[in-house]
Amino acid sequence: MSTFFTPGPAALYPTVEAHYAEAFRQNIGSISHRSAAFRKIYQHADEQLRILFGLPKETAVLFTGSATEIWERAIMNTVEHESFHLVNGSFSKKFYDFSKELHKFAHAMHKPFGEGFDASEVEVPEYAELICCTANETSSGVQMKAAEIHKIKKANKDKLMMVDMVSSAPYTNLDFNLVDSAMFSVQKAFGMPAGLGVWLANEKMLEKSERMKLHEGIVGTYHSLPSLWENYKKFETPETPNVMGIYVLGKVAEDFNKVGVDAMRKETDRKAKALYDFATKSADFEIFVENPNHRSATVVVLNCKGLAGDVIKQVQAKSDMILGSGYGKMKETQIRIANFPAVNYDQVQALIATLGSL
Ligand SMILES: *Cc1c(COP(=O)(O)O)cnc(C)c1O
């Protein structure tokens with residue numbers, strides 16, 4: 001079997017296949033999403049994600065089709081006029097672009113590809129209603145530490161804060177008593193097949209959406225915050241959701257909680273250090289992100305001396321390991337290595353040995 005180091009879709013978490021098999025055994029693909037059986041599945045996922053992320057009772061766990069969808073929903077539901085975005089790569093830029101496409105006044109602070117943000121240099125425009133930041137810019141391997149995100153919110157208490165943690169959850173240790181909202185999709189660090197977005201949003205987000213709706217703002221239909229929230233109160237969803245995905249997500253979150261999220265974060269750091277130490281010593285690879293504070297623990301991006309495409313082909317031929325290619329223009333010169341929980345320390349060491357032997 002191939003080992004996937006791709007940053008999404010990514011390697012499946014080792015328990016996922018058995019959870020899906022059990023879901024089929026229990027007919028979860030066929031049960032009604034208005035049944036007690038489904039409500040139990042939603043409730044279980046909710047309980048496990050609350051433990052994993054330390055969610056306060058004001059924060060709801062809502063399900064959508066993807067994380068991309070949540071960019072749109074968050075803007076539609078909480079930005080009446082102005083949003084503010086920290087943009088330093090393709091994903092953070094899409095969040096910003098969505099706001100413009102939805103005819104909002106979108107402000108942005110930009111950084112070159114491969115650079116990150118520190119709270120001390122961020123100035124949030126006075127009338128911005130929603131601050132949008134990306135905990136891990138998957139395209140460039142730049143992370144923003146939770147502590148920096150928290151500082152921005154503390155300096156802007158009157159504004160809502162939304163964090164894209166798609167390629168870093170549950171590594172990013174957010175304080176949900178501060179951060180109003182965050183989101184992820186399951187095919188990255190949760191190691192599941194794609195097709196489910198998870199939106200964590202607090203009551204302040206809901207209240208904003210309800211106010212906008214009252215003043216005839218368009219907050220969307222079935223996946224507006226009021227609609228999602230109303231259904232969530234009974235552990236239901238407005239539409240027929242990805243029931244299998246919600247079931248398996250609850251199980252995977254339970255598996256993560258058994259390991260312990262702090263232990264998982266430490267292990268992520270240990271594997272990331274091994275990869276970065278290798279690149280520091282290697283003559284064939286070089287760490288792309290210069291500032292060590294901004295280097296991602298979950299997506300390691302390396303410059304290649306040779307053609308990145310050849311590296312990817314050789315690693316696959318030699319060890320049946322699949323690397324991520326560089327994003328967009330970086331395709332020819334960079335490789336991206338996902339350091340998600342699904343790949344263990346020994347697999348990372350095996351990859352390092354292969355890269356060192358090319
Ligand atoms: C993958 C990714 C997304 C989009 O996720 P989808 O599940 O494809 O909608 C958004 N933000 C970041 C940082 C990502 O890595």
Side-chain angles (χ1 to χ4, degrees), residues 53 55-56 58-60 62 67-111 115-140 142-169 172-184 197-212 217 219 225 293-294:
F53 292 108
L55 299 182
E58 295 79 12
T59 301
L62 309 169
T68 298
E69 182 190 345
I70 303 170
W71 281 329
E72 176 172 295
R73 304 299 178 192
I75 291 160
M76 281 179 81
N77 278 270
T78 63
V79 180
E80 202 171 356
H81 304 291
E82 302 188 24
S83 61
F84 174 62
H85 304 257
L86 296 177
V87 179
N88 61 340
S90 310
F91 290 95
S92 45
K93 182 169 182 299
K94 262 191 210 168
F95 203 171
Y96 170 57
D97 288 342
F98 275 26
S99 187
K100 290 187 286 185
E101 278 188 58
L102 290 166
H103 289 199
K104 310 295 178 185
F105 194 96
H107 303 264
M109 178 174 172
H110 294 271
K111 280 270 169 138
E115 293 183 21
F117 297 95
D118 292 318
S120 57
E121 58 187 355
V122 173
E123 257 189 73
V124 181
E126 188 177 358
Y127 296 111
E129 298 149 74
L130 183 72
I131 303 169
C132 305
C133 61
T134 304
N136 192 65
E137 180 44 82
T138 322
S139 60
S140 63
V142 171
Q143 73 176 3
M144 186 160 184
K145 292 208 168 120
E148 297 300 305
I149 294 170
H150 295 157
K151 277 187 214 159
I152 296 174
K153 171 68 191 190
K154 280 183 190 157
N156 296 277
K157 282 254 167 79
D158 59 322
K159 304 184 191 307
L160 295 168
M161 176 137 216
M162 167 96 190
V163 181
D164 175 341
M165 55 170 185
V166 176
S167 59
S168 57
T172 301
N173 191 2
L174 290 176
D175 178 356
F176 283 93
N177 288 304
L178 269 175
V179 167
D180 299 285
S181 185
M183 50 88 142
F184 63 95
V198 182
W199 189 4
L200 310 175
N202 70 10
E203 285 169 354
K204 283 190 222 148
M205 298 278 287
L206 174 66
E207 283 158 17
K208 178 72 187 281
S209 178
E210 282 172 337
R211 271 205 308 282
M212 284 170 62
V219 297
L225 267 177
N293 284 326
H294 295 160

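Predicted model only: the values in this text are computed from it and were never measured.
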Peer 1: Answer yes or no: does atom CD of Glu58 have more than 12 heavy-atom neighbours from other residues, nucleotides or ligands under 6.0 Å?
Peer 2: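 Yes, enclosed.
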Peer 1: For His294 and Gln143, test the side chains for any donor-to-acceptor distance below 3.5 angstrom and give the result as yes or no.
Peer 2: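 Note: His294 and Gln143 side chains miss the donor-acceptor criterion.
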Peer 1: How long is the span from the OG atom in Ser139 to the NZ atom in Lys94, to the nearest 0.5 Å?
Peer 2: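 Going from OG on Ser139 over to NZ on Lys94, the span is 9.5 Å.
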Peer 1: Quick check with a 6.0 Å cut-off and a 45 degree axis cone: is Lys93 positioned over the face of Phe95's six-membered ring?
Peer 2: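 No, cation not above the ring by the 6.0 Å, 45° rule.
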Peer 1: Tyr96 and His110: aromatic ring centres closer than 6.0 Å?
Peer 2: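 Yes - the distance between ring centres of Tyr96 and His110 falls below the 6.0 Å cut-off.
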Peer 1: Please report the interatomic distance CG(Leu174) to CZ(Phe53), rounded to the nearest 0.5 Å.
Peer 2: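 Result: 8.5 Å between the selected atoms.
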Peer 1: Residues two or more places apart in sequence or in another chain: which of them pass side chain to side chain donor-acceptor pair (under 3.5 Å) with Ser167?
Peer 2: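 In terms of side chain to side chain donor-acceptor pair (under 3.5 Å), with neighbours along the sequence ignored, Ser167 is linked to Asn136, Thr138.
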Peer 1: Run the numbers on His107 and Glu82 for side chain to side chain donor-acceptor pair (under 3.5 Å), then give the verdict.
Peer 2: CA-CA 7 Å; His107 303 264; Glu82 302 188 24; 2.6 Å; yes
Peer 1: What distance do Ile152 atom CD1 and Leu178 atom CG have between them, rounded to the nearest 0.5 Å?
Peer 2: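 It is 12.0 Å, given to the nearest 0.5 Å.
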Peer 1: Give me the one residue out of Thr59, Thr78, Asn202 that meets side-chain hydrogen bond (donor to acceptor under 3.5 Å, both in side chains) with Asp180.
Peer 2: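 Option passing the side-chain hydrogen bond (donor to acceptor under 3.5 Å, both in side chains) with Asp180: Asn202.
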Peer 1: Quick one, Glu129 and Glu80 - any side-chain contact, counting heavy atoms below 4.5 Å?
Peer 2: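 They are in side-chain contact.
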Peer 1: I'd like to check the side-chain contact (heavy atoms from CB on, under 4.5 Å) partners of Lys111; sequence neighbours left out, ordered by chain and number.
Peer 2: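 By the side-chain contact (heavy atoms from CB on, under 4.5 Å) rule, Lys111 matches Asn88, Met109, Glu115, Phe117, Glu121.
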Peer 1: Would you call Lys151 and Asp118 a salt bridge, taking side-chain N to carboxylate O under 4.0 Å as the test?
Peer 2: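 The answer is no: the pair does not qualify as a salt bridge.
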Peer 1: I need the His81 NE2 to Phe105 CZ distance, nearest 0.5 Å.
Peer 2: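 That separation rounds to 12.5 Å.
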Peer 1: Nearest 0.5 Å please: distance from the NZ atom of Lys145 over to the OG atom of Ser168.
Peer 2: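 Here the rounded value is 13.0 Å.
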Peer 1: Does Lys104 reach the main-chain N or O of Val79 with its side chain, forming a donor-acceptor pair under 3.5 Å?
Peer 2: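 Checking the backbone N and O of Val79 against the side chain of Lys104, a donor-acceptor pair under 3.5 Å is found.
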Peer 1: Hey, is Glu69 close enough to Arg73 for a salt bridge, meaning N to O under 4.0 Å?
Peer 2: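 Judged by the 4.0 Å cut-off on N to carboxylate O distance, Glu69 and Arg73 do form a salt bridge.
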